[in-house]
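Here's the structure, in structure tokens; my notes come after.
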Number of protein chains: 2
Amino acid sequence: MNVSVQQAADALLAADDILILTHRRPDGDTTGCAGGLCRGLRSLGKTAYVLENPDLTPRYAWLIAPLAPPEGFVPRFVVSTDVSDRTMLPKNAEGIGTIDLMIDHHRSNPLFGERNLLRPEAGGCCEIVFDVLAALGVTLTKEIAEPIYVGVSTDTGCFKFSNTVKHSHEVAAACLDTGLDCGELNRRLFEVKRWQRVQMERIIVETMEFYRDGKIAVALLRRADIDRVGATTDDLDSIAALPRQIEGVQAGLTLTENTDGTVRVSVRTTKEVDASEICRQCGGGGHLRAGGASFPAGVSLDEAKQRVLAATEDAYGKSGL
Amino acid sequence: MNVSVQQAADALLAADDILILTHRRPDGDTTGCAGGLCRGLRSLGKTAYVLENPDLTPRYAWLIAPLAPPEGFVPRFVVSTDVSDRTMLPKNAEGIGTIDLMIDHHRSNPLFGERNLLRPEAGGCCEIVFDVLAALGVTLTKEIAEPIYVGVSTDTGCFKFSNTVKHSHEVAAACLDTGLDCGELNRRLFEVKRWQRVQMERIIVETMEFYRDGKIAVALLRRADIDRVGATTDDLDSIAALPRQIEGVQAGLTLTENTDGTVRVSVRTTKEVDASEICRQCGGGGHLRAGGASFPAGVSLDEAKQRVLAATEDAYGKSGL
């Protein structure tokens, strides 16, 4: 059943021995939700833990790592935060039965919880958790506000992306009021780059090719370059956003040679071109401004490039530009 | 005299034929303040203009360019926004006498207005103008909110820097409520880069040298490279922030060969090293985390590098690290 913020809070108030779940490949939003909710529930005297997430990286570990349940803990109430589907739960959550309360903001969510609090208009899921904490009567401390702030700031690109809403800023304002050091947090989250990442950005610029009078930019991430630099998947995270940042570029195409021989294509466009149309033609999919597709092993990087370029020219033809 | 927000609003309500001034090398905050205030005053039926600024770049021109006074306009009330000192007014404002109302957030402001509204705690000066507009009884429309939002977002690094305060987010929340497209605005302000800028960033990475186990990074912007790429001063804006973004770097030193043969040093540090101490030793100055110095023509880039490196090692010695 769908529940309101107050109904979600009432269910939590009636419960105890609460276990909170995050999603696979955890980001700042799911860990922020879980960390903030767990600390808020504890401030009310509840027993609450966050299930370990095997994919957790050091970037976000500090938000939930100290909140893991002790051996033998048997939850009596399970909450998922920012999990778009049951299949998105990490492997170690598979034995868990009913999700008593599901809190999320993904439009596609099939409402897999016993109680579902879904608000697709929220920039970060942490904005919903913030409202639940308020309905619970939790006093917002710096310790509770930090994970909430991290969730909102990371999911909205530090309030830069179009998914940022009025409430994102309202939540941030309340968090800053607790005295948290947003400058230091954001430096860690958005500014610091590994040297390997910086090298890959340099290579992207060096190898970039332009077509259609600079409207299309193609960047190639060759396996040999990635291996030579020693870049990890984390180092390549969102690197596909770079070509579209260049003035005049409307379609940024980034091709990556994976270790298994497949070629991944990431497409980022401005309002002039439909990214999902380009990706669909290459056997993939996506949204209006961002999409992806994969070419099977055996298709060379150059062949993949020719095919995605042709699909892009075709998308231009269809849009009549 | 110092005035409150309400007193500033009362003075504006009693006035007409208002001229608003911006500062030299206008940024998003001064143009945002002027554009927002001018539009707000006009919405009340006042005659208001923004003085042309000869240094205006296309980046911010759309915020104030359409509000320039007609030939022969004689102001009866003059307001300066985000101007830290009379000497910071552009040349064409030199003939102007009394500044009837000074609105600013620079701590060092000598209070050069007839009435002074100074709030050093504001992230962007636009936050103060927002409060003045509210006290004036102006209804916030999208047209008025856009310049205000641009001022706050550009002066706080899109809410990322440590000068971001609770009120910065409160103002942004109110601006978003008018329906402005923050995603598109921020893309233009923060994402789009000229190809020349991208090239200079690549060169910075290529030429970077590390000292003290990667704690010190030195980047060299040689005149020959700048000229070959065709980079302008605008393309080099804040490029000195890059070395400090690399993981492990505590002192990022960027040296630029100017056209007149002088060498400019920009120092950015983390909390471990005092940037102003490094710069002072090189004849410059600055703050704890950011500073600069210039070496006269005749000092080579390499010599300048050796001197600023020695000053940095010395600063480490003094901090006992």
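Below, read A as the first sequence line, B as the second, and so on, with proteins coming before strands; counting in each chain starts at 1.
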Inset, instruction - Quick one: pull up NZ in A:K193 and CG in B:L242 and give me the separation to the nearest 0.5 Å. - result: 7.0 Å
Inset, instruction - Assign the ring pair A:F210 / B:W195 to parallel, tilted or perpendicular, where the plane angle (0 to 90°) is split at 30° and 60°. - result: perpendicular
Legend entry - Part of B:E206 lying under 4.5 Å from any heavy atom of chain A: both
Legend entry - Rounded distance [0.5 Å steps], SG in B:C182 versus NZ in A:K166: 14.0 Å
Inset, instruction - Start with the C-alpha distance between B:V205 and A:E201, add both sets of side-chain angles, then the distance that settles side-chain contact (heavy atoms from CB on, under 4.5 Å), and finish with yes or no. - result: CA-CA 9 Å; B:V205 172; A:E201 290 185 3; over 6 Å; no
Inset, instruction - May I ask you to say whether A:E191 pairs ionically with B:K160, meaning some side-chain N is under 4.0 Å from a carboxylate O? - result: yes
Inset, instruction - Let me know if A:V165 has heavy atoms under 4.5 Å from chain B in its side chain, its backbone, both or neither. - result: backbone
Legend entry - Region of B:F190 in contact with chain A, defined by heavy-atom distances below 4.5 Å: side chain
Inset, instruction - Check whether any side-chain heavy atom of A:V192 lies under 4.5 Å from a side-chain heavy atom of B:Q245, and answer yes or no. - result: no
Inset, instruction - Rounded to the nearest 0.5 Å, what's the gap from CD1 on B:I246 to CD on A:Q196? Could you check? - result: 11.0 Å
Inset, instruction - With a 4.5 angstrom heavy-atom cut-off, could you sort out which part of B:S153 is near chain A: side chain, backbone, both or neither? - result: neither
Legend entry - Whether over 12 other heavy atoms sit under 6.0 Å from B:R25 CZ: no
Legend entry - Shortest non-hydrogen separation from B:L176 to A:T164 and the atoms involved: CD2-O, 3.6 Å
Inset, instruction - Determine the option with the most heavy-atom pairs under 4.5 angstrom with chain B, choosing from A:E170, A:R194, A:M208. - result: A:R194
Inset, instruction - Answer yes or no: does atom CZ of B:R222 have more than 12 heavy-atom neighbours from other residues, nucleotides or ligands under 6.0 Å? - result: no
Legend entry - Point-to-point distance, once rounded to the nearest 0.5 Å, from NZ of B:K271 to CD of A:E184: 5.0 Å
Inset, instruction - With rounding to the nearest 0.5 Å, note down the distance linking OG in A:S162 to CG in B:N186. - result: 9.5 Å
Legend entry - Residue B:R187 versus chain A: region with a heavy atom under 4.5 Å: side chain
Inset, instruction - Could you check which of A:A241, A:A174, A:C158, A:C175 has the highest count of heavy-atom pairs closer than 4.5 Å to chain B? - result: A:C158
